[in-house]
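One structure is given here, and the rest of the page talks about it.
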Amino acid sequence: MKKKKVNLRDLNKTSSDTHKRNDAHNQSSAESIVKFKVYVPAIFSFVMLIIGIAMDYFDVAFFKDWIRIVWYAVAYLPVGFPVIKEGWNSIKNGDFFTEFLLMSIATIGAFAIGEYPEGVAVMLFYAVGELFQSAAVKRAKGSIKALLDVRPNEALVYRDNNYVSVNPETVAIGEKVQVRVGEKIPLDGILLSEKGSFNTAALTGESKPDTIAKGEKVFAGSINLDGVIEIKTTKEFKDSSIARILDMVQNATARKSKTELFIRKFAKIYTPIVVFLAIALTFLPYFFVDDYVFSDWLYRALIFLVISCPCALVISIPLGYFGGLGAASKNGILFKGASYLDEMTKVNTVVMDKTGTVTKGVFKIKEIKAIGWKEPEFMKYLMAMEEQSTHPIAKAIMDYKADGEDFQASEVSEVAGKGLKGTVNGKTVLVGNKALMISNNIEVPSQTDNIVESIVMVSIESKFAGYVIIADELKEDAHEAIKQIRESGISKIIMLSGDKDSITQQVAKEMGVDWAKGGLLPEAKLAEVEKLMSETDNKVAFIGDGINDAPVLAVSDVGIAMGGLGSDVAIETADVIIQTDQPSKIARAIKIGCSTRRIVYQNIALAFGVKAVVLVLGAGGLATMWEAVFADVGVALLAILNAVRLQRMTWK
């Protein structure tokens, strides 16, 4: 019987894959156990509390005196001890008036006056609220964790005639890297293989696979979907797109909004005032009330403390902004801080660059006009000449596909500032601008005078043979972007460009912007934006992509950079990054900012409104500890659930 040959490399790979699956399964099981352990104290306290309340209700004979006290104390400790410990640590660090201290005083006080079930209930619901908060924060961090998950951890680099696995941080610029199917691109680079298909969802927010041809850019963090490919690295790992995005997102959470900062400052002043008011509520009535009973007024003061705990505000507002940042990054938009979510809602004037922002930044043939020749033959004459040139316009012309054999040019010479002269198929051919035609006594049709785009004219055997119009192509969503920006409440849209004014005006007219100006140097563009910003009530967002846009991005109220084609300088300077280079995402960024602000304001109104009502009722003896629990923990839970809605919202 013939033995089957065993490939050790395949065997090792299978073994490695099995180990990876087992490790993943074990890790998942361990995470589930850890998650369950977090809920154990609250579950234990809840069961003990319910049993205790049931025994109280049915007046069980043995459930009296010290047995009852011990039972509720045992129910209290699993949820109460961590809070008391946290309050004590805060006091040792000099921070006296915290929510932990308020909850500790209120619940221990409830035990002191014999309200054991209520003391346990307040602390239990507070603990449940903290668990909800933790779960909500994890949900809000979901899209940011997705970014962390796409960070590549190995690279197969070609060294010493072999591919070796190394840490991406050790790979130098210019090295050749192999990427297998399903693996992540470890560093930014140029594709060496003929073509590749990539999942770029973590970088751009777009689920549609991106097909890249040989010589085009590929970005770290993209997932290879089709066949083994090779790339040549163009950046070190620390400068790669994924590393830069991670840094931006992680830093964004540290930049607080004005609302967030105000609430934190407010809580530090508000909490001590509440403590002193509770003390006053306990003792001052002694001097004014005839039938003063200490335990009654202490109970009211404890209710007052529970109600006035600022945790609903302190928890839900930062969570709202964090949810906004997460939702934006999931949509391919990076805000460099919560403050820019707020600023985005105030923008009423959008100023945009043209090239690379609303156009693709590459030349394409817009129109071919052959006179006396069939188009394919006319283009073969033109392409034979342009094949000798490296100009971007020549590259655009060479993209034309013509059937049959190509023509060959000879004796090609450059006419300075005008074009090319040569021989194709024994015929004298001129290719260039109008000045070249006129200098060779060739009559040019008057219809060409109104063309503002770049035009390449062709003469064959001293006769005008036609022309080709070359233009920078508008992005697919450029028109939709203007429409959506207007619908999002922007009153003025302006285009400023370094391209010549005639082209800028034509693009602006086609897109329907309010006014435009071209032929601007960087300092002139900056002056125009500063002039707009000096006008009363103007909040200006500038959108650009190039190095020349960096000064304007820095000075504008909100600087928005195109993250794919955009220069590193523009991306570093901007406040908001559009990862997909789609101008339509600008309106989405405004909508996400507005949704975030709306959620935050709803939470503030909810917290203050409910607390104010129950505070008055509590001080007047009309509210019990159960109403206090709702006013504090209940409102906090509602505010958290409201903030989590941001993760489920969609914006078009």
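The figures that follow rest on heavy atoms only: side chains count, while hydrogens, waters and symmetry mates do not. By convention here, the first residue in the shown sequence is residue 1.
Between the side chain of Asp557 and the backbone N or O of Ala541, no donor-acceptor pair lies under 3.5 Å.
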- Please assess Tyr286 against Tyr292 for the test ring pair (Phe, Tyr, Trp, His ring centres under 6.0 Å), listing each intermediate value before the final yes or no. CA-CA 6 Å; Tyr286 173 79; Tyr292 174 81; 5.5 Å; yes
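With values rounded to the nearest 0.5 angstrom, Ile113 atom CD1 is found 6.5 Å from Ser295 atom OG. Atom CH2 of Trp71 sits about 11.0 Å away from atom CG of Leu49, to the nearest 0.5 Å.
Inter-residue side-chain proximity for Glu86 and Val83 is flagged as unmet; no heavy-atom pair is nearer than 4.5 Å. Between Glu480 and Gln582, every side-chain heavy-atom pair lies at or beyond the 4.5 Å cut-off. Counting only heavy atoms from C-beta outward, the side chains of Met649 and Trp651 approach each other to under 4.5 Å. Side-chain contact between Val289 and Trp297 is present, with at least one heavy-atom pair separated by less than 4.5 Å. Side-chain contact between Leu277 and Leu281 is absent, with no heavy atoms from C-beta onward closer than 4.5 Å. Looking at Asp342 and Tyr321, their side chains come closer than 4.5 Å, going by heavy atoms from C-beta outward. Two residues are said to be in side-chain contact when any heavy atoms from C-beta on lie closer than 4.5 Å; Gln484 and Arg588 fail this criterion. Counting heavy atoms from C-beta outward, Ile590 and Thr345 have side chains that stay 4.5 Å or more apart.
For the residue pair Glu183/Asn224, the side-chain donor-acceptor check at 3.5 Å is not satisfied. Using a 3.5 Å distance cut-off with no hydrogens or angles, the side chains of Glu118 and Tyr299 do pair a donor with an acceptor. Using modelled atom types and a 3.5 Å distance limit, the side chains of Ser165 and Glu154 yield a donor-acceptor pair. Judged purely by distance below 3.5 Å, without hydrogens or angles, the side chains of Tyr76 and Thr107 pair a donor atom with an acceptor atom.
Using a 4.0 Å cut-off between charged side-chain N and carboxylate O, Asp537 and Lys346 make no salt bridge. With respect to Arg68 and Asp56, a salt bridge is recorded, a charged nitrogen being found less than 4.0 Å from a carboxylate O.
Taking both residues in full, the closest heavy atoms of Asp477 and Ser584 are given as OD2-OG, 2.5 Å, listed atom of the first, atom of the second, then distance. For the pair Gly559 and Ala574, the tightest heavy-atom approach, listed with the atom from each and the gap, is O-CB, 3.5 Å. Nearest heavy atoms, Ile592 versus Ala328: CD1-CA, 3.8 Å. For Val79 against Ala127, the heavy-atom pair with the smallest separation is CG1-CB, 3.8 Å. The minimum heavy-atom distance linking Pro186 with Phe237 is given by the pair O-CD1, 3.5 Å. Of all heavy-atom pairs between Ala589 and Ile333, the closest is N-CD1, 3.8 Å.
Around NZ of Lys64, the count of heavy atoms belonging to other residues, nucleotides or ligands within 6.0 Å exceeds 12.
Evaluated for a side chain to side chain contact (heavy atoms under 4.5 Å, CB included) with Ile586, the options Val347, Ile560, Val576 yield exactly one hit, Ile560.
Aromatic ring centroids of Tyr116 and Phe111 lie under 6.0 Å apart.
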